[in-house]
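Notes follow the structure.
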Amino acid sequence: MADLVNIFNLVAPFFGLILLGFAIGRYKQLPESGLAWLQFFLIYVALPPLFYRLIADKPLSELANWRFIAGTTLATFCAFCLSFVLGYRFTKGDMPQSVMQGMAGSYSNIGYMGPPLILAALGPDASAAVVLVFVFDSILLFSLVPFLMALGGVEKKSVLATAREVVWRVLTHPFNVATLLGVLASFMKFQLPEVADKMTLWLQQAAAPCALFLLGVTVALRPLKSVPAEVPALVAIKLLLHPLLVWVLLSAIGGVPAQWVYTAIIMAALPPALNIFVVSTQYRVGVERASACLLIGTIVSMITLPGFLWLVKTGRITADLFH
């Protein structure tokens, strides 16, 4: 019983901030354009210091765990492929819609919700694993989506032009830039000056509450008219199958620290990312489906995410499935 209470106390503030944003978004009905500055603050100002600080004090040897990177990225790719195939079937061969379905079934809230939750649940030893999952899952998905959208006829660009754009977006993404700076700081054993250290700490602490509140408001401002038939299956892939795939693959590969295995499982069990809605809006494809997956996935994760945390915390999920 004590374990359940502790897990409730751990996750309740996160979902509480989402619900607060949802309630205020429904009550105030302010224009959606008003969220632009908050989104900019999160992506370009608050979250980069979080990723920098997570990685800057870690030894480089800890970051070069290619077994972990291979297992987690392959699990995300498998979840994407399954969701893509499911979407392709339900949309009767609509490739752009299917790409968005693939993203909805595989892309966790690893940027906004992942770091604060994992650090609170598993401690600072999990921080390097959090960053590696974020970086390589993001590289995978933000490489797949533009190429598949180009193949589907949404982007009228050549393969070479699409490749250049993908590489540029990956290299200049503020989270990846912050991670690279963190790696350089780790290599050079660089310490931020006291003023900069305090400012980045404050920004890091502001990131999670702002992000969760923004998620709630965004969902509130996109009311659902209907729920597409495939959404329950996509949510099941995202919240149940994805973390199980991570567990099986990391166990099969072996050589991964137990704390990192637990980190990867919980990261995969997180609800769908807000970026799914952002990308669908950018391409003007599957916006209603993205909203449905985001809303229903977030609601269902209020049960499934504490469930996985309980399994990890009580030792019912071992770090190695096969031993």
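In terms of hydrophobic clustering, with Ile, Leu, Val, Met, Phe, Trp and Tyr side chains grouped at heavy-atom distances under 4.5 Å, Val11 and Tyr262 are assigned to a common cluster. Using a 4.5 Å cut-off between side-chain heavy atoms of Ile, Leu, Val, Met, Phe, Trp and Tyr, with links allowed through other members, Leu119 and Trp202 fall into different hydrophobic clusters. Criterion: ILVMFWY side-chain heavy atoms under 4.5 Å apart, direct or through other members. Under it, Phe187 and Val135 are part of a common hydrophobic cluster. Residues Ile276 and Leu86 fall into different hydrophobic clusters, defined by Ile, Leu, Val, Met, Phe, Trp and Tyr side chains chained together at heavy-atom separations under 4.5 Å. The cluster map of Ile, Leu, Val, Met, Phe, Trp and Tyr, joined by side-chain heavy atoms under 4.5 Å apart, puts Phe22 and Leu42 in the same cluster.
The nearest pair of heavy atoms linking Ile237 to Gly105 is CG2-O, 3.6 Å. A pairwise comparison of heavy atoms in Ala292 and Pro228 identifies CB-CD, 3.9 Å as the closest pair. Here the closest non-hydrogen pair linking Ser186 and Ile55 is CB-O, 4.0 Å. Heavy-atom minimum distance, Leu245 versus Ala79: CD1-N, 4.2 Å. Taking both residues in full, the closest heavy atoms of Ser251 and Ala319 are given as OG-O, 3.6 Å, listed atom of the first, atom of the second, then distance. When every heavy atom of Pro116 is checked against every heavy atom of Ala208, the shortest pair comes out as CG-CB, 3.5 Å.
Between Met100 and Thr91 there is no side-chain heavy-atom pair separated by less than 4.5 Å. Inter-residue side-chain proximity for Val217 and Leu38 is flagged as unmet; no heavy-atom pair is nearer than 4.5 Å. With contacts defined as side-chain heavy-atom distances shorter than 4.5 Å, the pair Ile265/Phe308 qualifies. The shortest side-chain heavy-atom distance between Ser301 and Thr304 falls under the 4.5 Å cut-off. Using a 4.5 Å heavy-atom cutoff, the side chains of Phe190 and Leu184 are not in contact. At a threshold of 4.5 Å between non-hydrogen side-chain atoms, the residues Leu321 and Val248 count as touching. Side chains of Phe41 and Leu203 form a contact here, defined as non-hydrogen atoms less than 4.5 Å apart. Side-chain contact between Met103 and Val99 is absent, with no heavy-atom pair separated by less than 4.5 Å.
The pair Arg89-Glu230 does not count as a salt bridge, with every side-chain nitrogen at least 4.0 angstrom from each carboxylate oxygen.
Atoms CG and NZ, from Asn6 and Lys313 in turn, are 8.0 Å apart once rounded to the nearest 0.5 Å. Ile69 contributes atom CD1, which lies 5.0 Å from atom CG of Leu132 (distance to the nearest 0.5 angstrom). Of the inter-residue distances, the one linking Leu311 atom CG with Ile317 atom CD1 reads 4.5 Å to the nearest 0.5 angstrom. Here Ile110 contributes atom CD1 and Leu117 contributes atom CG; the two are 13.5 Å apart, rounded to the nearest 0.5 Å. In this structure, OG in Ser127 is found 11.5 Å from CZ in Phe51, a value given to the nearest 0.5 Å. We find the CD-OG1 distance between Gln39 and Thr218 to be 6.0 Å, quoted to the nearest 0.5 Å.
Using modelled atom types and a 3.5 Å distance limit, the side chains of Ser106 and His242 yield no donor-acceptor pair. There is a side-chain donor-acceptor pair under 3.5 Å between Lys238 and Ser108. Between the side chains of Ser280 and Arg289, not a single donor N or O lies within less than 3.5 Å of an accepting N or O.
At most 12 non-hydrogen atoms from other residues, nucleotides or ligands lie less than 6.0 angstrom from OH of Tyr88. Annotation: Gln205, atom CD; neighbour count of heavy atoms from other residues, nucleotides and ligands within 6.0 Å is above 12.
Using a 30° and 60° split on the angle between ring planes, Phe84 and Phe80 fall in the parallel class, below 30°.
If you look at Tyr107 and Phe142, their ring centroids are closer than 6.0 Å.
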Note to self: Would Phe68 and Val261 count as a side chain to side chain contact (heavy atoms under 4.5 Å, CB included) here? Give the steps.
What the structure shows: CA-CA 8 Å; Phe68 177 81; Val261 174; over 6 Å; no
Item checked: Criterion side chain to side chain contact (heavy atoms under 4.5 Å, CB included) on Leu19 and Met302, from CA distance to verdict -> CA-CA 11 Å; Leu19 290 172; Met302 293 181 184; 3.8 Å; yes
Next item on the list: Please step through side chain to side chain contact (heavy atoms under 4.5 Å, CB included) for the pair Leu215 and Asn109, ending with a clear verdict.
Entry: CA-CA 10 Å; Leu215 174 58; Asn109 200 332; 3.6 Å; yes
Notebook entry, point to check: Hey, mind stepping through Leu241 and Leu82 against side chain to side chain contact (heavy atoms under 4.5 Å, CB included) and telling me if it holds?
Noted result: CA-CA 10 Å; Leu241 185 58; Leu82 287 170; 3.5 Å; yes
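Put simply, the side chain of Arg67 never gets that close to the backbone of Gly255: no donor and acceptor are under 3.5 Å apart. Here the side chain of Thr298 pairs a donor or acceptor atom with the backbone of Leu294 at under 3.5 angstrom. A donor-acceptor pair is defined here as one N or O able to donate and one able to accept, closer than 3.5 Å; such a pair exists between the side chain of Gln259 and the backbone of Leu122. Side-chain N or O atoms of Thr73 include none that pairs as donor or acceptor with a backbone N or O of Ala70 at under 3.5 Å. Side-chain N or O atoms of Trp260 include none that pairs as donor or acceptor with a backbone N or O of Ala128 at under 3.5 Å. Side chain of Asn9 to backbone of Val5: a donor-acceptor contact under 3.5 angstrom is found.
Between Leu305 and the options Trp310, Phe15, Phe14, a side-chain contact (heavy atoms from CB on, under 4.5 Å) holds for only Phe15.
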